[in-house]
Every structure is written in C-alpha cells, then in structure tokens.
Amino acid sequence: MTAIVEAKRLTKVYGQHTAVDQVSFQIEENKIYGLLGRNGAGKTTVMHMITAQLFQTSGELRVFGAEPFENNEVLRQICFIKESQKYPDSFGVNDVLETAALFFPNWDRAYANELVQAFKLPVKRRIKKLSRGMLSAVGIIVGLASRAPLTIFDEPYLGLDAVARSIFYDKLMEDYAEHPRTVILSTHLIDEVSRLLEHILVIDEGKLLLNEEADALRGRAYTVTGSAARIDSFIAGKKVINSEMLGNFRSATIYGSLLASDQKSAEAAGLDIAPVTIQQLIVYLTSGSARKEATVR
Amino acid sequence: MGIMMDDSRPIFVQIAERIEDDIIAGGLPEETQVPSTNQFAAFYGINPATAAKGVNLLVDEEILYKKRGIGMFVATGAKERLMEKRKEQFYEQYVVTMIQEAEKLGISIDLLTDMIRKKG
C-alpha cells in the first residue's frame, strides 16, 4: 500500500495550547477515511497542516512523499473543501466552477454539470445570494468533480437537508467506485457516514485516540443491563466506558469484544446484552467521564 | 441512502450473511452470477472495499467462486452446505435462548413442547 499522507509525531502548539499533540498516522492510497472527534479536538488543525495552510510546530509530515509547504506538485493533487469556504462576492456559481476547472487537472466538466442538476443549483445566481445549504452544495460539487487524488471534506454540509446529504453520500460512493481516490471526511454525523468509511481516525484533545478499520470498531463494545449487584460483579476487571443507574437497575458499556464465556455468564445472571454502534462508541470514548475510567490504547 | 445496515456488527459479515440468505432462499441459484462488488456497494450504500471483503469471505468458504474476467458465481453444493451450517447455529441461536426465556417465565419443558406442536 502506498501512503499518501505520513504523519510522525505531528504537533501544533499555539502559545500555551497544544492543539495537536504528537500524532502519528498514515493515510493509504484509494481508501476513504473518517477523521472524527469533538469540536476543538484538533481535526481541522491536522487538515490545515496536510494542505499546507499551517506549518507544524514539530514532527514530520509527508504528503505524496514530500513536504507539502509551498510545494505545488503536492498541492495540485489536493482538493480541500472547508466548512465555510469563502468565494469572491462578485462570483456566480458558474464562475466558481470555471475557476475550479483551471485549478484541478482532473476536473470533469460534464460530471460537474450533472451534480449541479442533482443538487438543483441555480448556476447563474451570485454566490452571496445562495442559501447556506446551496453554498455547501457548491463546495461538494467542487470536491467531487475535481477528482483530486486526495480529496478532503471538512464538515462539508452546513445547512444541507437530509435529502441533499443523502445525494452527496450516493454520489460520493458511485464516483469513488468508478474513480478510486483517497478521501478524508471529517464530520459529526457519524451514524450517517460510518458505512461509507473504510478506516477511522479519532482525535481527542489533540491526541490520536483510535486508528482502525471501521469494521473492526463494530462490535468493539457492548452494553450490559440488569440489577446493580449482578452488573457490578459482571464488570469487575473489565474496561467500563459508560455507566448509568436507574434505581436498582444499572447499565454498563464495556470496551472489548464480547467473549463467548462472558456472554454465557451474562445470560446466566439474567443480564441483557446490547451491541454498541460506532457513533455510540466514539461518544463514550470522547466524553470526559469515560476518558478517566478507561485507557484505550 | 441504501438499505439499512446494523452499525454495531461488522458490515462485511452482514453482506456475507445477506448473500447466504439469498442462496438459501433460492434468489441466487447455484452456478448463477452474483452482483459485483460495486453493485453491492451502491445498493447498500457502503464502501466498495467492505463489500469486497464480504464477498471474499464467501470465496474463502467456497460458497462463491471467481470466474476470471467475468465475476463471482455461486458454487455447486453451496445451498446444501449453508443449510447444514445454519442448522448447527439454529440450536444455539434459537433453542437455547427459547429454553432460557421459558425457564425465566416458569414454562415447563412439557408446556413448551405442547406450544411448539400446536404451532406446527
């Protein structure tokens, strides 16, 4: 596997605040990555360093095998769609697409037009007259039609309704199948996108918390519920990442795959077992209380 | 958005199970071609690499086989082998669970047997 991005002990410090703290990871060619984490966790800072909009304080970063800063060979292969992309006020939707065609060597004009139709975007309208959702659609169209070898979407869908988001997911999967490329998708809508992702990176308080195949995280945790006394004896010695009480009734979420022996003893004790989704897992792992109770890595 | 997948179990396993279900139910007869990885990906709205992993799981178990340059096909004898495998799982998955629940409710084995006979 070719590594498109290689980060070694990548760090970004702002004064007293360490935004990204010795993060090491690889992004492999032609895979779709989810870069997940809470607001302020350091996701955007990492993306800004990959795209050479920020210089790291320390650590090594290679993108397409080279340092990205002021490196046109690297940067022309990247398309970065930001949460609130700014365009010149005088531009119409058409002008944005024409400009993008000049920047991106793989730009597909016919495909861009097809996407404009799919998102029902008024091409002649001025950018500043567009609704928030339409503006997001412009970014998504640029991101998809650029067919850049490394395409990064940072929360691309502010103001987009569920139907338009669904069009985005379908178009992304469809075009990715025909034109494989490396995609990094940063979002809070984990439940919506998890099945599109091959690999997941979770950043929490500047540190890399998880770096795993998405399918490996499904079934990585489970929740047991039942009477408090029986739960307490069941969870002894296990990594509990979330726990709730209701009277004498307790539920505990345990990090780790459910072993057949544990399943048998839970069933024998009359405890209910429920699986945990990727979104729930990440919520538990990145909410403050869980962090103190469990050390994951 | 594709057909809903359960996000708490590996998706490649779910893809393999759905193909198995289809073979058992007769929707995919032996020696017929199964949809391509990209078709599965589009239909279920999942990553093509994940779909490929599910298909390859069944290739490893010799339920599917690859015809070079054409695609994946259901192997002869696949249905019978899957039925055998499912029968083994049936006891653990359904019978044991049912007896446990019956015990919880104070239903005797005799009463349980009567219930099954009545239904059958």
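The chains referred to below are lettered A, B, ... by the order of the sequence lines, with proteins before strands, and numbering in each begins at 1.
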Among A/Asp191, A/Leu281, A/Val276, A/Ile32, which has the most heavy-atom pairs under 4.5 Å with chain B?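 Most heavy-atom pairs under 4.5 Å with chain B: A/Val276.
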
Which atoms of [X] come close to chain B, meaning under 4.5 Å heavy atom to heavy atom: side chain ones, backbone ones, both, or neither?
X	answer
A/Glu174	neither
A/Leu172	neither
A/Glu213	side chain
A/Tyr176	side chain

Exercise for the section: Check whether any side-chain N or O of A/Arg195 sits under 3.5 Å from a backbone N or O of B/Gly45 as a donor-acceptor pair, and report yes or no. Expected result: yes

### Side-chain donor or acceptor of A/Asp215 paired with backbone N/O of B/Phe12 under 3.5 Å
yes

Looking at [X], I'd like to know if its [atom1] atom is crowded, meaning that more than 12 non-hydrogen atoms belonging to other residues, nucleotides or ligands lie closer than 6.0 Å.
X	atom1	value
A/Glu267	CD	yes
A/Arg230	CZ	no
A/Lys264	NZ	no

Turns out that what part of B/Lys104 lies under 4.5 Å from chain A's heavy atoms comes down to neither

- Item | Shortest non-hydrogen contact from B/Asp7 toward A/Gln279 |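 For B/Asp7 and A/Gln279, the tightest heavy-atom pair comes out as OD2-N, 4.5 Å.
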
### Query
What heavy-atom pair brings B/Pro48 and A/Met173 nearest, and what distance separates the two atoms?
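B/Pro48 and A/Met173 have their closest heavy atoms at CD-SD, 3.9 Å.
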
